[in-house]
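Here's the structure we're looking at; comments come further down.
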Amino acid sequence: MAPALLGCVLEHDTAAGLVAVELTEVEAYAGAVDPASHAFRGRTNRNAVMFGPPGHAYVYFTYGMHFCVNVTCQPVGVPEAVLLRAGRVIAGEALARGRRVRWRPGEIKTPGMNEAGDAVPATAMPVRDLARGPARLCQALAIDREQNGGDVCDPSSPLRLRPGDGGTRMAGERAIGVGPRVGVTAGADTAWRFWIANDPTVSVYRQSKPRARKQQDSR
DNA sequence: CGTCGGATAATCT
DNA sequence: GATTATCCGACGA
């Protein structure tokens with residue numbers, strides 16, 4: 001399923017307008033047999049959607065500030081899904097850019113302004129970075145908890161998946177890259193990440209790095 | 001381009 | 001209480 005999704009289009013229709021991306025990078029997570037999968041240790045409230053019917057969005061919140069979206073791809077009871085890691089914006093670029101304005105805690109959260117309060121030019125966020133990475137993709141498409149469990153195969157859903165504009169699957173004529181998944185600890189040697197070769201919107205590979213443990217009193 | 005640390009909170013042990 | 005399917009700015013090469 002994962003490489004088959006490359007080149008397909010994910011679009012989110014909201015009151016603000018529609019943003020669409022052509023998927024350029026995905027990762028497969030194989031539930032019960034995959035220690036890197038959220039479903040590896042069984043069903044919980046968080047991963048319940050993974051155990052549901054295929055073609056639905058599994059949206060989770062992580063690192064205290066980011067959302068990521070998966071598409072389930074197996075029958076009820078088989079918790080397998082594909083994480084949508086990156087895409088190329090093909091519609092709603094201005095809206096996506098507005099959603100990608102960032103700020104730091106405690107600072108003014110005004111779209112179009114930077115931390116100093118200066119107007120941010122339209123070129124501040126390169127188009128290639130609008131959905132380059134799973135949390136960035138969710139930002140650009142305004143995907144959050146509301147979309148968890150949604151049927152992305154129903155064309156009438158706000159968040160839906162459709163064949164690519166090229167009309168072909170498997171990213172058409174383009175070569176597909178294969179490699180280990182980003183940021184996972186268990187199962188780091190399993191090559192279940194797929195991307196469109198030489199596409200600038202594919203995120204940079206990063207190995208999982210154990211974070212320093214919470215500082216004890218070091219005196 | 002690469003590495004590093006901070007932000008920040010749901011989830012699980 | 002530890003961990004995390006991340007992002008971003010700062011800094012150095």
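Per the geometry, CD belonging to A:Gln207 stands 15 Å off C1' belonging to B:dC4, to the nearest Å. Straight-line distance from the CG atom of A:Asn45 to the C1' atom of B:dT11: 10 Å, rounded to whole Å. A straight line from CZ of A:Phe40 to P of C:dT4 spans 14 Å, rounded to a whole angstrom. When the P atom of C:dC7 is taken as reference, atom CD of A:Gln139 falls 8 Å away, rounded to whole Å. Residue A:Glu25 contributes atom CD, which lies 9 Å from atom P of C:dC7 at whole-angstrom precision. For the pair A:Leu130 CG and C:dC7 P, the computed distance is 13 Å after rounding to whole Å. Across the protein-nucleic acid pair, A:Arg41 atom CZ and B:dT13 atom C1' stand 10 Å apart, rounded to whole Å. Between the CG atom of A:Asn47 and the P atom of B:dT11 there is a distance of 10 Å, given to the nearest Å.
For A:Arg145 and A:Met65, each mapped to the nucleotide of DNA chain B holding its nearest heavy atom, the one lying further toward the 5' end belongs to A:Met65. Residue order along DNA chain C, read from the 5' end via each residue's closest nucleotide, puts A:Ser208 first among A:Ser208 and A:Pro134.
OP1 or OP2 of C:dT6 lies within a sub-4.0 Å distance of a side-chain N or O belonging to A:Arg85. Taking side-chain N and O atoms only, A:Thr185 has a distance below 4.0 Å to OP1 or OP2 of C:dT4. For A:Arg100 and C:dC8, the shortest distance from a side-chain N or O to OP1 or OP2 is below 4.0 Å. Remark: A:Thr44 is in phosphate contact with B:dC12, judged by side-chain N or O atoms under 4.0 Å from OP1 or OP2. For C:dC7, the OP1/OP2 oxygens have no side-chain nitrogen or oxygen of A:His66 closer than 4.0 Å.
Relative to the side chain of A:Asn70, the nucleotides B:dG2, B:dC12, C:dA5 differ in distance, and C:dA5 lies closest. Nearest to the side-chain atoms of A:Arg136 among the listed nucleotides B:dC12, C:dC7, C:dA5 stands C:dC7. Taking the side chain of A:Ser37 as heavy atoms from C-beta on, and the options B:dG2, C:dC7, C:dA5, the nearest nucleotide is C:dA5. Relative to the side chain of A:Leu83, the nucleotides C:dA5, B:dG2, C:dC7 differ in distance, and C:dA5 lies closest.
Under a 4.0 Å N-O distance rule, the pair A:Glu27/A:Arg85 qualifies as a salt bridge.
Not a single donor-acceptor pair, N or O on each side, falls under 3.5 Å between the base of B:dA10 and the side chain of A:Tyr60.
Annotation: A:His66 is not in aromatic contact with A:Phe61 [ring centroid separation under 6.0 Å not met].
In this structure, A:Ala36 reaches the bases: a heavy-atom distance under 4.0 Å links it to at least one base atom across the strands shown. If you check every strand for non-hydrogen atoms under 4.0 Å, A:Arg46 touches sugar and phosphate atoms only.
In this structure, the aromatic ring of A:Tyr63 is positioned over the six-membered ring of the base of C:dT4, centres within 5.5 Å and planes within 30°.
For the 3.5 Å distance criterion, the side chains of A:Thr201 and A:Arg136 fail to qualify, holding no donor opposite an acceptor. Residues A:Ser203 and A:Glu25 have side chains that bring a donor and an acceptor to within less than 3.5 angstrom of each other.
If you check B:dG6 for Watson-Crick or wobble pairing at under 3.5 angstrom, you find it paired to C:dC7.
Geometrically, A:Arg193 does not engage A:Tyr205 in a cation-pi contact, judged by NZ or CZ lying under 6.0 Å from the ring centre and within 45° of the ring axis.
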Are A:Asp199 and A:Arg132 close enough, and set up right, to give a salt bridge (charged side-chain N to carboxylate O under 4.0 Å, His left out), and what steps lead you there? CA-CA 11 Å; A:Asp199 190 297; A:Arg132 193 189 198 198; over 6 Å; no

